[in-house]
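Residue numbers begin at 1 in each chain, while the letters A, B, ... track the order of the sequences.
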Amino acid sequence: MESKHRPRSIGLNRRGLLRVTAVGAGGAAFLAACGGSGDKKDAVKDTRPLEQKQEEVKSFISTRPDTAAQAVPGGIMQGLTTADVTNLDPLSSPSFTAAASAGAWTYSRLFNYKPGFRDKVPQGDVQGDLVERFEQPEPTRLILKLRQNAVWDERAPTNKRPVDAEDVIFSWKKFETSNINRTDVANKANPTAPIESIDLIDKNTISVKTAYPYAPLLGMLAFNRYLVIMPRESDGGFDPRNETRGSGAWQLANYQRSVKFEYRRNPNWFGQPKPFADGFDYPIIPEYASGLAQFRAKRVWAMAVRAEDQIQTKRDLPELTVLQEDYLRSLHQLKFGFQPGSPFLDERVRKAVSMLLDRDQWIDTFGNVSKFQADGWPIQSRWHSHISSGEERYWTDPKGTGLGEGAQNFKYNPAEAKKLLAAAGQSGLSTDFTYITTGQYGSQWSNFAEVAKGMIEANGDFKLRQNNPDYQTEYLPKYWYIPSGAGDFKGINFGAYTTFFEVDGYLNAYYHSKSNIQQVGFGTQGDPRVDNLIETQRKELDAAKRTTIIKDLEKYLATKMYTVPWPGQTAGFTLYWPWISNRGTHRSYFAETAPQEVLQTWWFDKSKYTG
Amino acid sequence: MARYLIRRLMLAGVTLLLVTIIVFTLLRVVVPLVYADAADIIAGEYGRQDPALIAKLKEEYGLSASLPRQYFKFLNELAHGDLGRSLFNGRPVAGEIKDRLPVSIELGLVGLLSGLAFSVPMGIWAALRQDKWPDYILRTLAILLNAVPGFWLAILIITFGSVWFNWAPPLKFAYIQEDPIAHIKILLLPALLIGLTPSAGLVRLMRTQMLEVQRQDYIRTAHAKGLTGGQVVSRHAIRNALIPIVTVVGLTVPSLAAGTAIFESIFTLPGMGQYLVSAVGNLDYPVIQSTNVIFAVLIIASNLAVDLSYPLIDPRIRY
């Protein structure tokens, strides 16, 4: 698939020269305004049979080969990130960004997530990180033995000191008093949270005591936004807000605020001989066009090229490799205000909202499905139920029969929606439609919200007033965290999802009446059946039985529509330069936790490098 | 001249004091009234607006004292060269500014000089060829440049540069002392683009001034005493036409300082603009207050430099 037509250098090629001559600056501006270039016309003219295109696509979709045996150590991988962090302390920063960036790279955790390998999609199983072995003498107690070959950063003040149990206790105490997510985990901060205490047994052994048998406990201990293990020296010995001294696979060698992160391999990591690469550079490039330009110029080796740009980018740069990604496990929701007298207290109104969403149209619009299909790319898509379609273990396809009678609420059915609204006496319902426009959820968030709003209004049964509150001072306290549990806002909130380590975290936070953050709220009383199913599943240690309970809850939620799940998603594609070897071979459960579970297996294949 | 300089420096001190009062009042009194304060922002991240948490945060970040007391503390620290520490990451603001300010100054200065290097000769040329094709072309170009925002042009250049030639501007910033060539490579394009927009106005101004000056009696006299056209322009016309240009250049400095932020973002440059923008988003008081004072110093200094340059351009002006 190596093309002879690929522009080989940064200098002018013939086609480019002709274009410059012919078009000129004004034409360029016009083309930019129209969002296209001549290449897109070429794409339209591609009249080859679909089978031929599919054969071609097969040749460049990665088969996820395992090349670890040929790995040559060395090389600095070149990536990019679009956002900076508030500070680098994963345990005390008010923002998740610290845990999602430097924290995930440099600090170890007790466990981490076992990656999928080649065709095997990761399911959230865990493996020891700092923990070498563990036992569970009783359902509410874990004994964890730490590995003895883990050491802290060789730089002062940790000076390559071995990681010990006191570091774990120190981190736990810091976590349960100051971490933003402590109410998910620490029983002291929230009586419904599972972990009562973490105690020292000896220098290398700790015990974890839970308030009740908690099924996904190991997964909780593997989550980078919860308990990362920091050295005791971070309390005064160095400033963890600006520096890291971890025991993980990478060290943060250089961080320049709003400019770049530079990670380098930790030569003392217990997972030697990995990492294979010497490091990763991440300049902060918030502007998409700049990032794409750097990617095309081979200065950045991989980036999240938008779905609408992928076909053309691949066509322009045939040597790029394409990886089909897994479905994401996130699930945004349309949430309802449940103030007294709210029309959304009537489930017929909620169901009508769901029926007005044309899920296939949505997925096609934002996933570029038709264009991928027309070009022979093996694009796949799924509808979400009340469990994300990326949750392979628990998701039930709303298009199938598994959801029972609730499945009909997912089908696009404006006529039935009209009937439901009429029966509820809510035809022509006028209410608020709230979403943020300030970029915290990505540059496309407003587009998503506007399309959803348009779909709900299209039938003429809703008149939605756009409401765009300030994110920090109004949206977060009033629409995102709902301490009263009452859905204390008016209308529909087009809300985002935060990352949860496991389906339990999500179900509890969103649907349990006692959850003290992030729940959508459906009346101060909640729904006893929902509460019961959530509590039962989290205490059920038999995996098969637990799955059955979760699926029962999923079916029940489909009939109630306390929230309307985001329509669906595609298993999208990632484009990267072929000299990143082993990319995709190991599949991460979380993109955030990949640095120490997957990225240490990537290596720089200099023989393919043409940058 | 010395007395004038002393007077201006004293006035500069007063101006700076006023700047600190205005910035502090806007930031600490007006913004919390109409929007929020830093503690609200941090509490919002935690998902809570409860008074106890906000009081705790205020105590922790030194925001619980009375506003006059906080202002005088800020002033006292400023007088001792201490610009404070970021509320969000505890980094000393002075350290950040030390690294970033030279980048922004260089960016702005090179932009300004390149703009002048383009606009002054082009303005003169347009005036000397009044109502001929070079004049028409330059006037049209000036209007076009005035109408096109520099950052948009930057994105166009990057987008089409990458689509057509697989070209992108250098990604890794190098300080001049580390690698002068790489430094020039990364700064040149954004600096030229920064200079482009003000240069459009300057071309038109220079042209107008030259046309004005050329109609003066002393120019006619110069011609009458047998000087060549070039001698008349270089010895008499340009210097007299330059005074408004220098004034406008002085007034351009603040917009250049403000305008670098978006270029720093597009070209990933570690300058002051990006630093200030991210601080404003978080209401990081020490950073905002200190960077505003630094910008004020720069603007006052550039205006002083402009005023002091008048006698050099026109000997009739004396202080």
Of the backbone (N, CA, C, O) and the side chain (C-beta and beyond), which part of [X] lies under 4.5 Å from a heavy atom of chain B, both, or neither?
{"X": "A/Glu474", "result": "neither"}
{"X": "A/Asp239", "result": "side chain"}
{"X": "A/Asp281", "result": "side chain"}
{"X": "A/Ile284", "result": "backbone"}

Tell me, for [X] versus chain A, whether the close heavy atoms (under 4.5 Å) come from the side chain, the backbone, both or neither.
{"X": "B/Thr159", "value": "side chain"}
{"X": "B/Asp99", "value": "neither"}
{"X": "B/Leu269", "value": "backbone"}
{"X": "B/Glu96", "value": "side chain"}

Most heavy-atom pairs under 4.5 angstrom with chain B, which of A/Pro240, A/Ser258, A/Pro286?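 That would be A/Ser258.
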
Taking the cut-offs as 6.0 angstrom to the six-membered ring centre and 45 degrees off its axis, would you call A/Arg306 and A/Tyr288 a cation-pi pair?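 The answer is yes; both the distance and angle limits are met.
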
Here's one to test your reading of the geometry: is the NZ or CZ of B/Arg28 within 45 degrees of the ring axis of B/Tyr285 and under 6.0 Å from its centre?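 The answer is yes; both the distance and angle limits are met.
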
Do any N or O atoms from the side chain of A/Asn242 and from the backbone of B/Asn89 form a donor-acceptor pair under 3.5 angstrom?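 Here the side-chain-to-backbone pair exists.
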
What's the spacing between B/Leu57 CG and B/Leu63 CG if we round to 0.5 Å?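 Here the interatomic distance stands at 9.0 Å.
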
A/Lys298/A/Glu319 ion pair, N-O < 4.0 Å: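 Judged by the 4.0 Å cut-off on N to carboxylate O distance, A/Lys298 and A/Glu319 do form a salt bridge.
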
Against chain A, work out which of B/Pro170, B/Ala36, B/Ser278, B/Pro169 has the most heavy-atom pairs shorter than 4.5 Å and name it.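 Max contact count across the listed options: B/Pro169.
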
Run A/Arg225 and A/Asn181 through side chain to side chain donor-acceptor pair (under 3.5 Å) and show every step you take. CA-CA 7 Å; A/Arg225 295 195 189 182; A/Asn181 293 318; over 6 Å; no

Between the side chains of A/Tyr475 and A/Asp470, does any donor sit under 3.5 Å from an acceptor?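 No pair is found: no donor N or O on one side chain lies under 3.5 Å from an acceptor on the other.
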
